[in-house]
**Q** 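Before I ask anything, here is the structure I am working with.
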Amino acid sequence: RSGRSAALRARMEERLLGARFRYLNQQLYTGSSRDAARLFRADPAAFHLYHQGFERQVRRWPERPVQRIVRYLRRRPASLVVADFGCGDCTLAASVRNQVHCFDVVPLSPRVTVCDMAEVPLAAESVDVAVFCLALMGTNLQEILGEANRVLKLGGTLMVAEVASRFEDICAFLKAMTQLGFRTISKDLSSSYFYLLEFAKTGPGRPGPAPGLRLRPCLYKRR
Ligand code: SAH
């Protein structure tokens, strides 16, 4: 009997966590990166809850996108300097020999530099590889990718792993990336979970709106 009420209670707690996760997630995808940074700074508990929810979602996937980025980096020289925008628990930094600058809004690991990804404390043209692994969350995408462009060396690599269903029009997206100063090197659209895109920095972006850059918010269903 007490076993049954404990099970019921656990189920209710699970539901509540799920609801809070979806609410936070929605806020992250519908506000600017600055709002996200502010939200989590004000409420670090919300951040931890978000991360638990994120983990639960991604564990269901056949492959974690960050593992693809790890494999990619291992094939390239370890001397390349990497910037991981929205690094989460720093799995990437922990899995490669490269120097990795880890940026997130709240530190899940001591490696993290706390900041808004639209404004990272790195000098211009100082990194070889910039990574956004499931991290293109704010509505100010152009500003965020502009920041990656600023810190990347000319010819440097931008890696984007993002939820497949967020792309409304991948061609329009890639075209917009050209305007932001990124040439497409490779695209792997084979997974129904996430797309993996590799770009090279061709120069600074051209100013002006890039309407094709839009991504749908990633809203999880209630389960
Ligand atoms: N790249 C990691 C984590 C992805 S979850 C992985 O693949 O496992 C998305 C991460 O982006 C979260 O850790 C979240 O806190 C971070 N994030 C969201 N908005 C941000 C912002 N404005 N600035 C920096 N990090 C942000």
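Remember, it's 1-based here, ligands and their atoms both numbered in the order they're listed. The figures that follow rest on heavy atoms only: side chains count, while hydrogens, waters and symmetry mates do not.
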**Q** Is Arg34 close to ligand 1, meaning an N/O of one under 3.5 Å from an N/O of the other?
**A** no

**Q** Can you check whether Asp84 has an N/O within less than 3.5 Å of an N/O in ligand 1?
**A** no

**Q** Taking the non-hydrogen atoms of Asp116, is any one of them nearer than 4.0 angstrom to ligand 1?
**A** yes

**Q** Going by heavy atoms in the side chains, are Leu180 and Gln142 under 4.5 Å from each other?
**A** yes

**Q** Give me the residue, atom name and distance of the protein heavy atom closest to atom 6 (C) of ligand 1.
**A** Cys133 O, 4.0 Å

**Q** Heavy atoms only: which of Cys90, Ala36, Ala135, Ser32 lies closest to atom 19 (N) of ligand 1?
**A** Ala36

**Q** Hey, does Val96 have a side-chain heavy atom less than 4.5 Å from the side chain of Val82?
**A** no

**Q** Would Val112 and Cys90 count as a side-chain contact (heavy atoms from CB on, under 4.5 Å) if you check the C-alpha gap in whole Å, the side-chain angles of each, and the deciding distance to 0.1 Å?
**A** CA-CA 7 Å; Val112 174; Cys90 299; 3.5 Å; yes

**Q** Return yes when Ala118 approaches ligand 1 closer than 4.0 angstrom through a heavy atom, no otherwise.
**A** no

**Q** Please state which option from Arg64, His51, Glu119 has its nearest heavy atom closest to atom 12 (C) of ligand 1.
**A** His51

**Q** Would you call Cys87 a ligand 1 contact, heavy-atom distance under 4.0 Å?
**A** yes

**Q** Indicate yes or no: at least one non-hydrogen side-chain atom of Tyr193 is less than 4.5 angstrom from one of Pro62.
**A** yes

**Q** Does any N or O of ligand 1 fall below 3.5 Å from an N or O anywhere on Ser33, backbone included?
**A** yes

**Q** With a 4.5 Å cut-off on side-chain heavy atoms, are Leu24 and Leu39 touching?
**A** yes

**Q** Does this structure show an ion pair linking Arg9 with Glu14, if we count only N-O contacts that are shorter than 4.0 Å?
**A** no

**Q** So is Phe47 close enough to ligand 1, meaning a heavy atom under 4.0 angstrom away?
**A** yes

**Q** Can you tell me how the ring of Tyr50 sits relative to the ring of Phe54, calling it parallel under 30°, perpendicular over 60° and tilted otherwise?
**A** parallel

**Q** Using 0.5 Å steps for rounding, measure from the CD atom of Glu119 to the CD atom of Glu147.
**A** 7.0 Å

**Q** Is Ala37 close to ligand 1, meaning an N/O of one under 3.5 Å from an N/O of the other?
**A** no

**Q** Using a 4.0 Å cutoff against the non-hydrogen atoms of Cys115, which atoms of ligand 1 qualify?
**A** 23 (N), 24 (C)

**Q** Quick one: are Asp104 and Phe85 in side-chain contact, heavy atoms under 4.5 Å?
**A** no

**Q** Are a donor atom and an acceptor atom from the side chains of Asp116 and Ser33 found within less than 3.5 Å of each other?
**A** yes

**Q** Ignoring hydrogens and angles, tell me if any N or O in the side chain of Ser95 forms a donor-acceptor pair with the backbone of Thr91 under 3.5 Å.
**A** yes

**Q** Would you mind checking which non-hydrogen protein atom is closest to atom 21 (C) of ligand 1, with the distance to 0.1 Å?
**A** Val105 CG1, 3.5 Å

**Q** If I apply the N/O under 3.5 Å rule, does Leu134 come out as touching ligand 1?
**A** no

**Q** Any nitrogen or oxygen of Met117, side chain or backbone, less than 3.5 Å from one on ligand 1?
**A** yes

**Q** Is the closest side-chain heavy-atom distance between Tyr29 and Leu215 below 4.5 Å?
**A** no

**Q** What's the shortest distance from atom 3 (C) of ligand 1 to any protein heavy atom, and which residue and atom give it?
**A** Gly86 O, 3.5 Å

**Q** Can you tell me which residue and heavy atom of the protein come closest to atom 18 (C) of ligand 1, and the distance to 0.1 Å?
**A** Met137 SD, 3.6 Å

**Q** Looking only at distances, can you tell me whether any N or O atom of Tyr50, backbone or side chain, sits closer than 3.5 Å to an N or O atom of ligand 1?
**A** no

**Q** Any side-chain heavy-atom pair from Val129 and Val81 closer than 4.5 angstrom?
**A** no

**Q** Taking heavy atoms and a distance under 4.0 Å, where does Pro65 meet ligand 1: side chain, backbone, both or neither?
**A** neither

**Q** I'd like to check which ligand 1 atoms, numbered from 1 as shown, lie under 4.0 Å from a non-hydrogen atom of Gly88.
**A** 3 (C), 13 (O)

**Q** Starting from atom 14 (C) of ligand 1, find the nearest protein heavy-atom neighbour and note its residue, name and distance.
**A** Asp104 OD1, 3.4 Å

